[in-house]
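Notes follow once the structure below has been shown.
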Amino acid sequence: MSLKKITKYDLVEAVYQNTKHEKRVVQEVVENLLLELKDSLKDGATIELRGFGTFEPRLRKGRSKARNPKTGELLSVAPHYVAAFRSGQELRKALWDLPVQEE
């Protein structure tokens with residue numbers, strides 16, 4: 001199995017093919033869904049999608065001795081939130097059975 005990148009366009013195209021709704025309508029729905037997810041996370045909400053997973057804002061501690069990997073410069077990073085994802089049980093089970101390719 002090769003790792004493939006799926007874009008927002010690919011998602012819109014797949015939903016369009018499966019539903020046969022107008023592509024413009026499908027694109028609006030996908031855009032609005034992603035916007036709602038982002039706004040909810042910004043408001044500090046946890047988003048639970050049964051069978052898929054949970055998105056939540058998670059606090060990262062600040063560090064006083066962080067290093068810029070490009071320049072090597074020392075800098076401090078304030079505490080901040082990041083988006084975290086925990087996969088749901090159904091998604092974990094689906095991925096568990098994927099064949100593993102040895103390199």
Side-chain angles (χ1 to χ4, degrees):
M1 178 185 109
S2 65
L3 297 176
K4 180 180 174 188
K5 183 188 292 187
I6 304 293
T7 65
K8 191 180 343 179
Y9 174 82
D10 297 328
L11 291 174
V12 169
E13 189 66 32
V15 173
Y16 168 70
Q17 292 296 327
N18 289 330
T19 64
K20 299 300 183 197
H21 288 294
E22 291 182 38
K23 191 180 282 191
R24 175 184 53 79
V25 173
V26 172
Q27 185 170 0
E28 278 183 38
V29 170
V30 170
E31 291 285 346
N32 284 317
L33 172 68
L34 296 175
L35 182 62
E36 186 61 35
L37 290 172
K38 182 172 73 172
D39 288 345
S40 296
L41 286 170
K42 280 174 44 179
D43 292 341
T46 296
I47 303 160
E48 183 179 317
L49 304 173
R50 298 268 175 178
F52 185 73
T54 303
F55 295 92
E56 63 186 357
R58 193 170 292 160
L59 182 64
R60 298 268 319 249
K61 292 190 285 186
R63 295 184 293 157
S64 59
K65 294 184 179 179
R67 187 174 299 276
N68 181 337
K70 203 171 202 177
T71 64
E73 173 189 7
L74 281 176
L75 50 103
S76 64
V77 177
H80 58 282
Y81 283 92
V82 295
F85 176 75
R86 286 190 325 261
S87 59
Q89 187 174 8
E90 289 178 32
L91 179 58
R92 278 194 303 272
K93 285 181 180 179
L95 294 177
W96 186 266
D97 295 331
L98 285 177
V100 177
Q101 282 186 339
E102 299 295 326
E103 291 185 33

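Quantities reported herein were computed from a predicted structural model and do not represent experimental measurements.
If you check the side chains of Asp43 and Ser40, you find no donor sitting under 3.5 Å from an acceptor.
To the nearest 0.5 Å, atom CG of residue Leu41 and atom CD of residue Glu36 are 10.0 Å apart. Atoms NZ and NZ, from Lys42 and Lys38 in turn, are 6.0 Å apart once rounded to the nearest 0.5 Å. Summarising the geometry, atom NE2 belonging to His21 is positioned 13.0 Å from atom CD belonging to Glu28; distances are rounded to the nearest 0.5 Å. Atoms CD and CG, on Glu13 and Leu11 in that order, are 11.0 Å from each other to the nearest 0.5 Å.
Taking the side chain to side chain contact (heavy atoms under 4.5 Å, CB included) definition, one finds that Ser76 meets it with nothing, sequence neighbours left out. Residues that satisfy the side chain to side chain donor-acceptor pair (under 3.5 Å) test with Asp97, not counting sequence neighbours, are absent from this structure.
The number of heavy atoms from other shown groups lying within 6.0 Å of CZ (Arg92) is above 12. Counted within 6.0 Å of NZ on Lys23, heavy atoms from surrounding residues, nucleotides or ligands total more than 12; the atom is thus considered enclosed.
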Tabulate below the donor-acceptor pairs under 3.5 Å that side-chain atoms of residues 46-54 make, not counting sequence neighbours, or state none.
{"from": "Glu48", "atom 1": "OE2", "to": "Arg50", "atom 2": "NE", "distance (Å)": "2.8"}
{"from": "Glu48", "atom 1": "OE2", "to": "Arg50", "atom 2": "NH2", "distance (Å)": "3.0"}

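Linking ILVMFWY residues whenever their side-chain heavy atoms come closer than 4.5 Å, directly or via other members, places Phe55 and Leu34 in the same cluster. Cluster annotation: Val82 and Phe85 are assigned to distinct hydrophobic clusters (Ile/Leu/Val/Met/Phe/Trp/Tyr, side-chain heavy-atom contacts under 4.5 Å, transitive).
Side chains of Lys8 and Glu31 form a contact here, defined as non-hydrogen atoms less than 4.5 Å apart.
The residue from Thr7, Val30, Val29 that alone fulfils the side-chain contact (heavy atoms from CB on, under 4.5 Å) condition with Val12 is Val30.
The main-chain N or O of Gly72 is found under 3.5 Å from a side-chain atom of Arg67 such that the two form a donor-acceptor pair.
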